[in-house]
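Here is the structure we will look at, set down as C-alpha cells.
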Amino acid sequence: MTLQWEQVLVDAADPAALGRWWAQALGWVVVDESPDEYEIRPAPERLPGLLFGRSPDAKNGKNRLHLDFRPVDQEAEVTRLLALGARHADIGQTGDEPWVVLQDPEGNEFCVLAPRAT
C-alpha cells in the first residue's frame, strides 16, 4: 500500500480551543499550534492525527463523518467527557443502542461504544 493515513481534518470556529479540548479528551499531544491550524496526535511521530482548521461556516446538521471510541468502561468515559464539556446528542437513536452519542464543544458528534463482547 502506498497511502498512509495522515490525519482527519476538523473544521472549527476556534481551532485552538477545539484542538485543546480533543487533546485533553484523548490524552494526545499537540504537534502544531498556529493561528489557523491546531494539530494533535497520539504521540509526536504517531499517525493518524486530528488537524483543526479555521472555518467561517457554522455547523449545519448531523456530521456525515464521525469518530467512534471504545473505552474499557463506557459509563465512566461518558461521565468524564461530559465533565470536560461534551454534551449528549440526539441524532435519532432509539435509546437501546450499545453506544452513546455525544457532541464536542462545537457540536461535532462522536460515539462512545460499549466494550466489545468477549
Apply side chain to side chain contact (heavy atoms under 4.5 Å, CB included) to residues Asp32 and Ile40 and explain how you reach the verdict.
CA-CA 7 Å; Asp32 182 26; Ile40 64 173; over 6 Å; no
Quick one: salt bridge (Lys or Arg N to Asp or Glu O under 4.0 Å) pairs with a partner in residues 94-106, sequence neighbours left out?
none
Looking at every heavy atom in both Gln74 and Val112, which two are closest together, and how far apart are they?
NE2-O, 2.8 Å
Atom of Leu51, atom of Glu39 and distance for their closest heavy-atom approach
CD1-CB, 3.7 Å
With the side chain counted from C-beta on, respond yes when Val100 and Leu113 share a heavy-atom pair under 4.5 Å apart, and no when they do not.
no
Which value, rounded to the nearest 0.5 Å, describes the distance between Lys62 atom NZ and Asp90 atom CG?
11.5 Å
With clusters built from Ile, Leu, Val, Met, Phe, Trp and Tyr whose side-chain heavy atoms come within less than 4.5 Å, directly or transitively, what are the remaining members of the cluster of Val31, listed by chain and number?
Val29
Between His88 and Leu102, is any pair of side-chain heavy atoms under 4.5 Å apart?
yes
Would you name the heavy atoms of Pro105 and Gly85 that are closest together and state the gap between them?
CG-O, 4.3 Å
For Pro42, enumerate each residue passing the side-chain contact (heavy atoms from CB on, under 4.5 Å) test, keeping only those at least two apart in sequence or located in another chain.
Trp28, Arg46
Can you name the side-chain contact (heavy atoms from CB on, under 4.5 Å) partners of Asp36, sequence neighbours left out?
Arg54
Enumerate the salt bridge (Lys or Arg N to Asp or Glu O under 4.0 Å) contacts for residues 108-118, please, sequence neighbours excluded, ordered by first and then second residue.
Lys59-Glu109
What residues join Val72 in its hydrophobic cluster, counting side-chain heavy atom gaps under 4.5 Å, either direct or through other members?
none
CZ/Phe110 to NE2/His66 distance, rounded to the nearest 0.5 angstrom?
10.5 Å
Filter on salt bridge (Lys or Arg N to Asp or Glu O under 4.0 Å), then keep only pairs touching residues 64-77, sequence neighbours left out; what's left?
Glu77-Arg80
N/O donor-acceptor pair under 3.5 Å between Gln24 side chain and Trp22 backbone:
no
Taken to the nearest 0.5 Å, the spacing of Arg87 CZ from Leu82 CG works out to 10.5 Å
Rounded to the nearest 0.5 Å, what separates atom CZ in Phe69 from atom CG in Leu26?
5.0 Å
From Gln103 atom CD to Asn108 atom CG, the distance as rounded to the nearest 0.5 Å
8.0 Å
If you measure from CZ on Phe52 to CD on Gln7, what distance do you get to the nearest 0.5 Å?
10.5 Å
Worked check of side chain to side chain contact (heavy atoms under 4.5 Å, CB included) between Leu47 and Trp5
CA-CA 7 Å; Leu47 298 172; Trp5 182 8; over 6 Å; no
Validation: residues 8-21 side-chain donor-acceptor distances under 3.5 Å, sequence neighbours left out:
from	atom 1	to	atom 2	distance (Å)
Asp14	OD1	Ala16	N	3.4
Asp14	OD1	Ala17	N	3.2
Trp21	NE1	Leu84	O	2.8

